[in-house]
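For reference, the structure discussed in these notes is given below.
Hydrogens, waters and symmetry mates are skipped; everything else that's a heavy atom, side chains included, is used. Counting from 1, the numbers follow the sequence of the chain as shown.
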Amino acid sequence: QVHLVESGGGSVQAGGSLRLSCGASGYTVGSACMGWFRAAPGEEREGVAAMDRQGGKTFYADSVKGRFTISRDIDKNLLYLEMNSLKPEDTGIYYCAADHQYWCGGSWYSTRRFDYWGQGTQVTVSS
């Protein structure tokens, strides 16, 4: 059984940084496509970043390019999302997602392609 658990969320001021972590059990980080999504209050979940198997290729939403970085630690079996220059519009619940397909491809931002989800961690950015 696969379990994903996010951590690292919190409250920061605009311009600040946070690093989210996603711990996986029953699943090997880097074995297939994994991603980060977020849901702003009252909004649907949207793709933020994704990474192909073995970190081959990364994908980012236009709104976070240059500010967020997705990475992994194979030894610790963790997926990360480094978030810098945070803005109030980055506020939301952030979710880790994992798939069985190796390559994220053009549908990396779609919630329907991912098989497993964490419970989410809250990120609040104040102006």
Nearest heavy-atom contact between G47 and A61 is O-CB, 3.5 Å

Carefully, step by step, assess V29 and I74 under the rule side-chain contact (heavy atoms from CB on, under 4.5 Å).
-> CA-CA 6 Å; V29 171; I74 295 175; over 6 Å; no

Tell me whether L81 is reachable from W108 by hopping between hydrophobic residues (I, L, V, M, F, W, Y) whose side-chain heavy atoms are closer than 4.5 Å.
-> no

Do M83 and L79 share a hydrophobic cluster, counting only Ile, Leu, Val, Met, Phe, Trp and Tyr and linking them when any side-chain heavy atoms are less than 4.5 Å apart?
-> yes

Pairwise disulfide bond (SG atoms under 2.5 Å apart) hits with a residue in residues 41-97, at least two apart | C22-C96

Which pair of non-hydrogen atoms, one from V123 and one from L18, has the smallest distance, and what is that distance?
-> CG1-CD1, 3.9 Å

Of all heavy-atom pairs linking Y27 and A32, the shortest is OH-CB, 3.5 Å

Of all heavy-atom pairs linking D52 and C104, the shortest is OD1-N, 2.5 Å

Are the side chain of Q54 and the backbone N or O of S31 linked by a donor-acceptor pair below 3.5 Å?
-> no

Ring center gap for F37 and W117 short of 6.0 angstrom | yes

Indicate, with yes or no, if V125 and I93 share a hydrophobic cluster defined by side-chain heavy-atom contacts under 4.5 Å among Ile, Leu, Val, Met, Phe, Trp and Tyr.
-> no

Rounded to the nearest 0.5 Å, how far does CE of M51 lie from OG1 of T69?
-> 9.0 Å

To the nearest 0.5 Å, tell me how far R53 CZ sits from T28 OG1.
-> 10.0 Å

Between CZ of R72 and CG of L78, what distance do you get to the nearest 0.5 Å?
-> 12.0 Å

Looking only at heavy atoms, the pair that brings M34 and I70 closest together is O-CD1, 4.1 Å

Establish, from distance only, whether the side-chain atoms of T111 and R45 form a donor-acceptor pair under 3.5 Å.
-> no

Going from OG on S110 to CD on E46, what distance comes out if it is rounded to the nearest 0.5 angstrom?
-> 13.0 Å

Identify, with sequence neighbours excluded, every residue that meets ring-ring contact (aromatic ring centres under 6.0 Å, His included) alongside H3.
-> none

Working to the nearest 0.5 Å, report the span between CZ of F114 and CG of L4.
-> 11.0 Å

Do you know the tightest heavy-atom contact between V64 and V48?
-> CG2-O, 3.6 Å

Side chains of Q101 and C33: does their closest heavy-atom pair fall under 4.5 Å?
-> no

Pairs flagged by side chain to side chain donor-acceptor pair (under 3.5 Å) wherever residues 81-95 is involved - sequence neighbours left out = S17-N84, R38-D90, R38-Y94, R67-D90

Value rounded to 0.5 Å, distance of CH2 in W36 from CG in L20 = 5.0 Å

